[in-house]
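Chain A is the first sequence line, chain B the second, and so forth, proteins listed ahead of strands; every chain is numbered from 1.
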Amino acid sequence: MDTYDATAIETKWQRVWDDAKAFHVSNEETQPKSYVLEMLPYPSGTLHMGHLLVYTIGDVVTRFRARNGRHVLHPQGFDSFGLPAENAAIRDGVHPRDSTERNIEHITRSMRRMGWAYDWSRSLSTHDPEYYRWQQWQFLRFLERGLAYRKGAPVKWCPNDQTVLANEQVLADGTCERCGAVVESRVMEQWFFRITDYAQALLDDLETVDWPESIKARQRNWIGRSEGAEILFRIEELDEDIPVFTTRPDTLYGATFFVLAPEHELVARIESSEVREYVRRAAAKKTAERAAATEKTGVFTGLHAVNPVNGEQLPVYVADYVLTDYGTGAIMAVPAHDQRDFDFATAFDLAVRQVVRPPDGDVDETVAYVEHAEGEVLVNSKEFDGLPAVEGGLKIAEKLAAEGRGRFAVNYRLRDWGFSRQRYWGCPIPVVYCDACGIVPVPDDELPVLLPDVEDFKPKGVPPLAQAEDWVNVPCPRCGGAATRETETMDTFVDSSWYFLRYCDARNSSAPFDRAPVDYWNPVDLYIGGVDHATMHMIYARFWVKVLNDLGMLGFREPFAQFFSNGWVTLGKVKMSKRAGNIVGPDDFIERYGADACRLNILFLGPANEDMEWTETSVEAMARFVRRLWTVVSEVAESAPAGDPEGGALARKAHATIAKVTDDIGRRFAFNTAIAAVMELVNELSRDRAGRDARFAAETAVSLIQPYAPHAAEELWARLGRERLWEAPWPVADPAMLEVETVEIPVQVDGRIRDRLHVPPGTVKEELIALALASERVQTYLDGREIERTIVVPGKLVNFVT
RNA sequence: GCGGAUGUGGCGGAAUUGGUAGACGCGCACGGUUCAGGUCCGUGUGCCCGUAAGGGCGUGGAGGUUCAAGUCCUCUCAUCCGCACCA
């Protein structure tokens with residue numbers, strides 16, 4: 001028997017698939033379609049075991065569906081703009097394009113070496129002008145619709161590096177991760193997408209997708225809808241009506257003070273050095289520090305806000321426990337019924353007035369009563385006294401609405417998506433600033449606005465692109481006067497919000513894509529990726545699709561019909577990542593054990609949707625399994641006769657395995673147990689290698705393992721005298737062959753197993769009882785005792801209760 | 001604090017609908033093949049008592065429902081993840 005040479009066999013079949021364009025698909029409808037997609041990789045140095053997991057899951061599903069009569073689209077590309085390449089450029093002076101393209105080349109080689117079945121003809125890289133050209137084009141459509149706009153918003157700013165920092169660049173102690181300087185907050189004009197217009201749709205349409213509940217919960221939480229009322233409080237001193245949002249209009253009579261967030265726009269108008277000093281300190285406070293603070297801080301402004309419901313003058317404070325970006329940035333404080341307000345009132349010796357009386361409870365103003373309970377009623381609330389809290393809240397809101405001082409309101413935690421970045425390595429935003437015309441879009445026929453080369457990638461108070469003066473200074477497209485280009489670039493989440501659409505029409509040079517192929521393939525039937533993208537990426541992509549649908553560019557509202565969230569591959573219980581510095585790459589293992597063993601191993605480690613610890617010894621075990629399969633099947637191919645199976649135990653086992661593996665891959669995504677089932681079949685086959693059933697079992701094992709170990713399977717399929725396994729129909733279990741000859745029925749006495757019967761399936765209840773009672777062992781335990789009940793579950797068990 | 005998950009042999013895990021707990025693999029032990037082997041083949045392997053037959057215990061912990069619970073209910077402990085002063 002020849003020995004199994006993984007490298008030779010894997011290389012051979014990869015070439016065969018390439019030459020046959022085995023996984024290239026047309027946009028013509030032939031069979032029912034299936035779009036299988038994994039989140040595209042960021043091309044950092046190399047692949048790691050986390051990538052191996054996601055892409056092998058997608059590959060198994062792809063190969064399985066292709067053999068089950070589906071026309072499967074399975075593309076791959078690169079999310080190639082982004083911060084790491086830019087940081088590397090600053091550090092090493094290598095142009096991000098060079099390092100990125102080198103990485104893409106390397107990763108592509110690894111991916112091909114893994115034997116993943118991609119339609120490479122549709123591949124894309126987001127830094128390719130042919131890609132970002134159409135992103136700029138779509139941005140201009142958003143701009144026309146008013147869905148992209150500019151506004152001032154606070155950013156984290158490093159005074160030393162003179163640049164905006166991403167959250168992940170700020171350390172827990174509030175310093176810059178690169179230089180250690182204390183990070184500041186600074187208000188800057190930035191670009192935003194009006195995703196909040198779609199908040200309700202994003203929430204509602206979650207009902208229409210087949211995602212894990214936990215992922216939906218995260219999105220709901222992120223969108224954060226809450227119902228309540230918006231109420232106007234008047235501050236006479238400023239001649240302003242200040243709106244506040246509250247979920248508890250029923251507690252309005254309990255408001256005893258009023259709080260503005262330090263960043264609230266009106267705070268700047270308060271002439272008080274004490275307030276200015278507090279605001280300055282609050283701005284310098286780091287998120288972590290602010291969150292860790294248990295004591296409430298704040299300062300009285302000298303102003304008063306009028307409670308519209310009773311005309312009371314409430315002292316106005318500025319305090320950093322009120323957030324500027326939630327609600328309206330101002331609150332009515334009801335210490336009796338909100339823990340935070342209560343803590344503040346305690347610290348500042350402010351009045352506490354209880355207005356909701358707990359059921360069977362007395363008014364107790366020494367604690368905050370925040371929960372809701374059946375039977376609570378309003379007190380100290382004038383004409384609303386005695387009403388149940390919820391009803392009272394409605395009545396109070398109605399009264400205010402009638403007076404023009406309030407309205408029912410829905411508030412979302414979701415905020416508009418700030419997408420401009422003061423970075424070099426990103427998609428240029430195609431607008432020009434003209435003194436005369438303002439913000440002027442670059443005309444469609446001048447796209448793409450190419451990313452120019454610059455000398456230095458380091459920001460110097462202005463984005464790196466500002467250095468490219470020849471590029472920056474352009475005539476205004478509208479008036480022809482002097483103008484300058486936008487020097488900020490887009491967030492890479494924009495790049496990944498529509499790449500799955502571009503795959504459907506990847507080489508289109510006159511539009512982002514045509515509607516027909518996109519409508520044919522979408523929505524993505526199975527999207528696979530990590531939970532870390534469950535909120536941002538997957539909300540932005542959903543938003544993008546909804547907008548394009550409103551623009552008439554496509555005919556669906558949700559991009560990802562089903563989502564499979566894969567677990568993390570850990571090493572030392574820490575998520576494997578470049579950042580954690582615990583990367584183990586597949587290249588070395590492919591070299592030593594072969595791609596098939598690596599593919600099997602990553603899926604055999606455990607359930608694919610749970611975290612799994614990487615272990616090296618198990619790759620060896622999988623290599624052993626492949627070798628064993630190789631030896632046994634090769635022998636059977638040489639010696640066992642062909643022809644219809646005889647229908648013996650081995651043939652039955654083969655059919656049972658078909659049923660199990662089909663269900664595990666097709667319905668349960670239980671990739672580990674499918675492998676175990678094939679192992680069982682191979683174990684039985686190795687004990688009985690002669691006869692037509694053996695040949696049938698061998699063919700079945702090879703056919704079923706093909707999604708996992710396509711190379712070895714293909715070679716063995718050829719040895720069995722068959723060809724083109726990648727497109728061979730998936731085997732079908734014969735229901736008649738799933739019938740087993742005997743079943744084992746445990747017989748219990750008082751719930752303890754005392755004997756086991758071996759009977760044909762379908763043995764009726766009466767016969768089971770008779771056989772059970774006939775058992776000597778059972779009789780010993782019954783020992784003349786009276787049987788009170790007899791429980792029989794045909795096919796499962798018999799239980800005598802005494 | 002709120003939300004989401006997870007706890008099963010020495011280890012990774014299986015048990016899909018309340019019905020035989022521990023499939024499959026690793027490791028380990030013993031035996032065989034081999035010049036040798038980090039190869040391959042076979043047998044055994046949850047824990048305790050027992051030479052054995054057999055018996056008892058057993059799914060983080062404590063209760064409960066049920067003829068029957070890893071699975072359902074209540075409480076509790078531990079670990080991980082997400083959001084975090086959300087008005």
Check whether any side-chain N or O of A/N672 sits under 4.0 Å from OP1 or OP2 of B/rA14, and answer yes or no.
yes
Take atom P in B/rA84 and the same atom in B/rG3, then report the distance between them in whole Å.
16 Å
Inter-nucleotide C1' distance (B/rG22, B/rC72), Å rounded:
22 Å
Minimum-distance nucleotide (side-chain atoms of A/R627 versus B/rC26, B/rC24, B/rU39):
B/rU39
Where the side chain of A/T673 is concerned, which of B/rG25, B/rG19, B/rA15 is the nearest nucleotide?
B/rA15
Output the single nucleotide from B/rC85, B/rC83, B/rG27 whose closest atom is nearest the side chain of A/Y321.
B/rC85
Could you check whether A/N799 gets within reach of a base, just the sugar-phosphate, or nothing at all, counting any heavy atom under 4.0 Å?
base
Just call it for A/I753: base, sugar-phosphate, or nothing, with non-hydrogen atoms closer than 4.0 Å on any strand.
sugar-phosphate
Counting heavy atoms from C-beta on, name the nucleotide in B/rA14, B/rC85, B/rG19 closest to the side chain of A/L323.
B/rC85
Under a 3.5 Å limit for both distances, which nucleotide forms a Watson-Crick or G-U wobble pair with B/rA15, could you say?
none
Out of curiosity, A/L53 CG to A/W614 CH2, how far, rounded to the nearest 0.5 Å?
10.5 Å
Taking A/Y278 for its side chain and A/D320 for its backbone only, find out whether a donor-acceptor pair lies under 3.5 Å.
yes
Is any side-chain N or O of A/N683 closer than 4.0 Å to OP1 or OP2 of B/rG25?
yes
Mind checking if A/E744 touches a base, just sugar-phosphate, or nothing, with heavy atoms under 4.0 Å?
base
Cationic tip of A/R340 within the cone over A/Y321's six-membered ring, i.e. under 6.0 Å and within 45° of the normal?
no
Grab the CZ-P distance between A/R628 and B/rU39 for me, whole Å please.
15 Å
Between A/R689 and A/E638, does at least one N-O distance fall below 4.0 Å, as a salt bridge requires?
no
Counting the atoms with a prime plus P, OP1 and OP2 as sugar-phosphate, which does A/T617 contact under 4.0 Å by heavy atoms, base, sugar-phosphate, or nothing?
sugar-phosphate
How many Å lie between CD on A/E684 and P on B/rA23, as a whole number?
15 Å
Does the side chain of A/Y781 get closer than 4.0 angstrom to OP1 or OP2 of B/rG55 through an N or O atom?
yes
Checking N1-N3 plus N6-O4 or O6-N4 for Watson-Crick, or N1-O2 and O6-N3 for wobble, each under 3.5 Å, the partner of B/rU65 is none
Opposite nucleotide pairing with B/rU45, Watson-Crick or G-U, both atom distances under 3.5 Å
B/rG27
Side chain to side chain donor-acceptor pair (under 3.5 Å) between A/Y253 and A/E312, worked out
CA-CA 9 Å; A/Y253 283 89; A/E312 283 183 1; over 6 Å; no
Of the options B/rU16, B/rC86, B/rG42, whose atoms approach the side-chain atoms of A/R413 most closely?
B/rC86
Now, which nucleotide makes the Watson-Crick or G-U wobble pair with B/rG37, with each of the two distances under 3.5 Å?
none
Looking for any heavy atom pair under 4.0 Å, which part of the strands does A/L605 touch: base, sugar-phosphate only, or nothing?
sugar-phosphate
Looking only at N and O atoms, is any donor in the side chain of A/K796 or the base of B/rU17 less than 3.5 Å from an acceptor on the other one?
no
Sugar-phosphate, base or nothing in reach of A/T247, heavy atoms under 4.0 Å:
sugar-phosphate
Side-chain donor/acceptor of A/R667 to base of B/rU16, under 3.5 Å
yes
Pick base, sugar-phosphate or nothing for A/R754, based on heavy-atom distances below 4.0 Å to the nucleic acid.
sugar-phosphate
Taking pairing as Watson-Crick or G-U wobble with both contacts under 3.5 Å, can you name the mate of B/rA21, or confirm there isn't one?
none
Residue-phosphate contact under 4.0 Å: A/R789 side-chain N/O, B/rU66 OP1/OP2
no
Round to the nearest Å and state the distance from A/N601 atom CG to B/rC24 atom C1'.
14 Å
Side chain of A/Y326, heavy atoms from C-beta onward: which of B/rA14, B/rG82, B/rC86 has the nearest atom to it?
B/rC86
Pair partner, B/rG7 [Watson-Crick or wobble, under 3.5 Å]:
B/rC77
note: A/F671, atom CZ; B/rG25, atom P; distance rounded to Å ~ 21 Å
Picking from B/rC24, B/rA87, B/rG42, which would you name as closest to the side chain of A/V322?
B/rA87
Starting at atom NE2 of A/H537, determine the distance to atom P of B/rG82, rounded to an integer number of angstrom.
18 Å
Could you tell me whether A/D611 and A/K575 make a salt bridge, using a distance below 4.0 angstrom between a side-chain N and a carboxylate O?
no
Using a 3.5 Å distance criterion without hydrogens, assess whether the side chain of A/D755 forms a donor-acceptor pair with backbone atoms of A/E776.
no
Return whichever of A/I745 or A/V531 has its heavy-atom-nearest nucleotide of RNA chain B closer to the 5' end.
A/I745
Has A/R599 got a side-chain atom pairing as donor or acceptor with A/Y708's backbone, closer than 3.5 angstrom?
yes
Whole angstrom is fine here: how far is it from NZ in A/K653 over to C1' in B/rC24?
10 Å
When rounded to whole Å, the CD to C1' distance for the pair A/E786 and B/rC67 reads 16 Å
Given A/T657, A/D664, A/T662, the one that forms side chain to side chain donor-acceptor pair (under 3.5 Å) with A/K660
A/D664
Looking across every strand, which nucleic acid part, if any, lies under 4.0 Å from A/R756 by heavy atom: base, sugar-phosphate, or nothing?
base
Considering only heavy side-chain atoms of A/P746, the closest of B/rC24, B/rU20, B/rA15 is B/rU20
Please determine, for the side chain of A/D320, which listed nucleotide (B/rA14, B/rC67, B/rC85) has the closest atom?
B/rC85
Applying the Watson-Crick and G-U wobble criteria at under 3.5 Å, what pairs with B/rC83? Answer none if nothing qualifies.
B/rG1
Given that A/Q748 and A/V801 both sit by RNA chain B, which one's nearest nucleotide is further toward the 5' end?
A/Q748
Counting only side-chain nitrogens and oxygens, does A/R777 get under 4.0 Å of the OP1 or OP2 atom of B/rG55?
yes
B/rG9, syn or anti by chi within 90 degrees of zero
syn
So A/K216, base contact, sugar-phosphate only, or nothing? Heavy-atom distance under 4.0 Å.
nothing
Please classify the nucleic acid contact of A/R752 as base, sugar-phosphate, or nothing, using heavy-atom distances under 4.0 Å.
sugar-phosphate
From B/rG13, B/rA87, B/rC24, nucleotide with atom closest to A/F604 side chain:
B/rC24
Send over the distance from A/R668 CZ to B/rU16 C1', rounded to a whole Å.
5 Å
Would you call the rings of A/Y317 and A/F344 parallel, tilted or perpendicular, taking 30° and 60° as the class edges?
perpendicular
